[in-house]
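Count residues from 1 along the sequence. Worth knowing before you read on, the calculation uses all heavy atoms, side chains too, and leaves out hydrogens, waters and symmetry mates.
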Amino acid sequence: MAVKVNDRYLRGFVRDHELAFAAEAAETAHNLLIGNKGAGNDFTGWVNLPDIYDKDEFARIKKAADKIKSDSEILIVIGIGGSYLGAKAIIDALASPLYNSLDKKTPDIYFAGNSISPTYLSQIVSLVKDKDFSVNVISKSGTTTEPALAFRVFRKLLQEKYGDKANERIYATTDKSRGTLKSLADKNGWDSFVIADDVGGRFSVLTAVGLLPVAVAGLDIDALMKGAADALAEYKNPDALSNECVKYAILRNVLYRKGFKCEMLVAYENSFTMMNEWYKQLFGESEGKDGKGLFPVSGTFSTDLHSLGQFVQDGSKILFETAVVFDKPQTDFFLDDDPDNADGLNFLSGQNMSVVNRKAFEGTIIAHTEGGTPNIVLEVPTLDEYNLGYLIYFFERACAVSGYMLGVNPFDQPGVESYKKNMFALLGKPGYEDIKAELEKKIGG
């Protein structure tokens with residue numbers, strides 16, 4: 001198993017009879033998922049995806065990535081939510097948060113269409129003006145406001161720079177057969193890849209949505225999918241407490257029912273920061289409905305120990321931590337001796353920095369649990385393509401089981417539409433006139 005759930009730091013917080021009670025509910029939830037009988041079951045295509053993904057499209061993804069690497073200095077990835085978070089998280093985790101600044105043979109990758117900030121968009125535009133670039137636009141419909149605005153801008157830049165050849169630099173990841181973006185792709189001959197009808201955005205990272213940008217970054221998408229496939233095989237285990245994925249869902253549920261309303265995902269690697277963001281969307285959109293759900297927050301330790309550590313240690317007891325810990329670092333750093341010992345740190349001389357990082361984790365988890373904050377630990381061998389693919393699938397499956405245990409549909413997001421309706425009305429979009437005046441009164445306009 002590439003992910004091991006360590007629950008030793010829950011002693012005193014979770015009792016055996018609570019686990020046994022929750023295990024029954026978890027087995028029911030797990031059976032709903034694998035039997036495809038739960039709410040939202042028309043969006044569970046991701047469950048068996050690592051075994052049944054389209055191998056022909058997978059080959060086309062690799063071919064397109066090779067072309068982008070050969071003719072582009074920059075790839076602009078346009079998408080929002082699950083259409084960008086997963087790819088960004090994997091690239092940061094496996095290549096580096098400093099990926100674009102590294103000396104490498106692959107294109108820089110910038111993500112656009114994930115906000116409506118004019119400043120951010122202008123800055124990315126300035127970066128591509130004198131560079132060869134391509135665009136990967138990701139949208140089921142092609143009309144989602146944030147990515148549609150960004151695509152309008154970058155498509156025009158491509159047309160101005162390359163003329164008729166611009167279409168050779170646009171890659172659309174969209175619906176298989178319908179929608180504005182699919183129609184544009186067919187009309188203009190863009191390479192296109194499929195967002196399956198039965199895979200929602202936040203579960204789509206192991207489809208073309210995430211795999212094309214990840215492949216452009218030079219990462220091994222075969223190993224990524226192999227990790228996910230092995231996780232799928234492992235988590236078919238029907239016994240709740242010996243299935244690590246379901247066990248994690250059980251522990252979260254018990255803590256939630258005992259009054260801990262927030263889960264704080266922490267890691268001791270800066271490169272995992274965007275994976276924290278991906279986790280927040282996955283669990284936040286899946287569980288946060290019907291007045292229920294854990295509020296997902298995150299931290300990068302030891303960095304955030306100097307900002308959030310005080311609250312975790314001594315603040316109100318509303319949260320528990322889930323720490324993702326890697327047994328072996330991607331790279332290590334040896335600490336030399338300083339003859340002057342001006343900083344008083346020679347007691348660390350001759351150590352690898354990974355040892356210091358591990359001791360920071362051990363010291364922190366003891367302090368936090370003794371201070372009244374429960375901790376779940378997810379132990380992962382190392383941070384590479386195989387293990388990250390395994391971990392991604394672990395989180396996705398645990399999230400679905402957790403949602404069913406709460407009694408919600410883990411695959412819809414009705415609350416997301418509220419802000420869109422109000423924004424469209426305030427911007428004067430046709431069809432929203434009836435609520436525009438009412439909204440303007442509320443904001444004093």
Side-chain angles (χ1 to χ4, degrees), residues 1-11 13-14 19 22 26 30 86 89-90 92-94 205 224 227-228 230-232 234-235 237 240-256 260 262-284 286-287 294 296-302 304 312 319-330 354 357-358 360-362 364-366 368-369 373-402 405:
M1 291 180 289
V3 180
K4 174 68 175 175
V5 178
N6 181 345
D7 61 356
R8 66 176 296 183
Y9 300 101
L10 293 178
R11 293 170 188 167
F13 296 105
V14 175
L19 286 177
H30 195 217
I90 292 173
D92 277 20
L94 299 179
V205 63
L224 195 72
D230 285 357
L232 166 59
E234 178 66 34
Y235 299 141
N237 175 8
L241 289 175
S242 65
N243 182 323
E244 297 291 284
C245 174
V246 179
K247 181 180 178 180
Y248 171 55
I250 291 170
L251 295 173
R252 300 177 75 251
N253 185 266
V254 171
L255 291 168
Y256 172 71
F260 297 98
C262 302
E263 179 179 23
M264 184 175 186
L265 190 73
V266 301
Y268 287 72
E269 294 289 345
N270 293 62
S271 60
F272 205 78
T273 299
M274 283 303 299
M275 282 300 303
N276 286 347
E277 297 301 309
W278 173 82
Y279 141 87
K280 286 193 283 192
Q281 187 203 5
L282 179 68
F283 281 90
S286 298
E287 293 187 317
L294 284 160
V297 296
S298 66
T300 301
F301 289 173
S302 62
D304 290 331
V312 176
L319 63 84
F320 66 91
E321 292 172 292
T322 296
V324 182
V325 179
F326 300 97
D327 299 332
K328 181 182 178 182
Q330 292 164 296
S354 60
N357 204 26
R358 179 73 187 190
F361 156 69
E362 292 170 355
T364 300
I365 201 166
I366 292 170
H368 286 183
T369 53
T373 300
N375 265 259
I376 302 170
V377 181
L378 305 181
E379 298 172 345
V380 185
T382 193
L383 190 48
D384 59 16
E385 286 91 337
Y386 175 85
N387 286 287
L388 189 58
Y390 202 113
L391 183 62
I392 285 169
Y393 189 83
F394 170 92
F395 277 129
E396 289 180 342
R397 194 158 179 137
C399 180
V401 174
S402 291
M405 290 181 74

Apply side chain to side chain contact (heavy atoms under 4.5 Å, CB included) to the pair T369 and E321, showing each step before the final yes or no.
CA-CA 9 Å; T369 53; E321 292 172 292; over 6 Å; no

Is there a side-chain contact between [X] and [Y] in this structure, where contact means two heavy atoms from C-beta onward sitting under 4.5 Å apart?
{"X": "V205", "Y": "I392", "value": "yes"}
{"X": "L388", "Y": "M275", "value": "yes"}
{"X": "N357", "Y": "E269", "value": "yes"}
{"X": "F394", "Y": "L378", "value": "yes"}
{"X": "F320", "Y": "Y256", "value": "no"}
{"X": "L255", "Y": "L294", "value": "no"}
{"X": "D7", "Y": "I376", "value": "no"}
{"X": "F272", "Y": "F326", "value": "yes"}

Nearest 0.5 angstrom please: [X] [atom1] to [Y] [atom2], how far?
{"X": "E396", "Y": "Y279", "atom1": "CD", "atom2": "OH", "result": "15.0 Å"}
{"X": "L265", "Y": "T273", "atom1": "CG", "atom2": "OG1", "result": "10.5 Å"}
{"X": "I365", "Y": "N6", "atom1": "CD1", "atom2": "CG", "result": "7.0 Å"}
{"X": "N270", "Y": "T300", "atom1": "CG", "atom2": "OG1", "result": "6.0 Å"}

Checking L391 against V324 for the side chain to side chain contact (heavy atoms under 4.5 Å, CB included) test, could you report, in this order, the C-alpha distance in whole Å, the side-chain angles of both residues, the deciding distance, and whether it holds?
CA-CA 10 Å; L391 183 62; V324 182; 4.2 Å; yes

Set out, in order, the CA-CA distance, both residues' side-chain angles and the distance that settles side chain to side chain contact (heavy atoms under 4.5 Å, CB included) for V3 and F395, then state yes or no.
CA-CA 10 Å; V3 180; F395 277 129; over 6 Å; no

Keeping [X] on the side-chain end and [Y] on the backbone end, is there a donor-acceptor pair under 3.5 Å?
{"X": "T373", "Y": "V312", "result": "yes"}
{"X": "Q330", "Y": "A93", "result": "yes"}
{"X": "E379", "Y": "K4", "result": "no"}

My understanding is that only residues two or more places apart in sequence, or in another chain, count here; which of them pass salt bridge (charged side-chain N to carboxylate O under 4.0 Å, His left out) with E234?
none

Please name the pair of heavy atoms, one in [X] and one in [Y], separated by the smallest distance, quoted to 0.1 Å.
{"X": "E277", "Y": "S298", "result": "OE2-OG, 3.9 Å"}
{"X": "Y386", "Y": "A2", "result": "CE2-CB, 4.3 Å"}
{"X": "L232", "Y": "Y393", "result": "CD1-OH, 3.1 Å"}
{"X": "P374", "Y": "L10", "result": "CB-CD2, 3.6 Å"}

Assess whether side chain to side chain contact (heavy atoms under 4.5 Å, CB included) is satisfied between F361 and V377, documenting all intermediate values.
CA-CA 11 Å; F361 156 69; V377 181; 4.1 Å; yes

Hey, can you pull the donor-acceptor pairs under 3.5 Å for the side chains in residues 244-252, sequence neighbours left out?
from	atom 1	to	atom 2	distance (Å)
E244	OE1	V5	N	2.6
Y248	OH	E263	OE2	2.6
R252	NE	E263	OE1	2.8
R252	NH1	E287	OE2	3.0
R252	NH1	S402	OG	3.1
R252	NH2	E263	OE1	3.0
R252	NH2	E287	OE1	3.0

Apply side-chain contact (heavy atoms from CB on, under 4.5 Å) to N237 and list each qualifying residue two or more places apart in sequence or on a separate chain.
D239, S242, N243

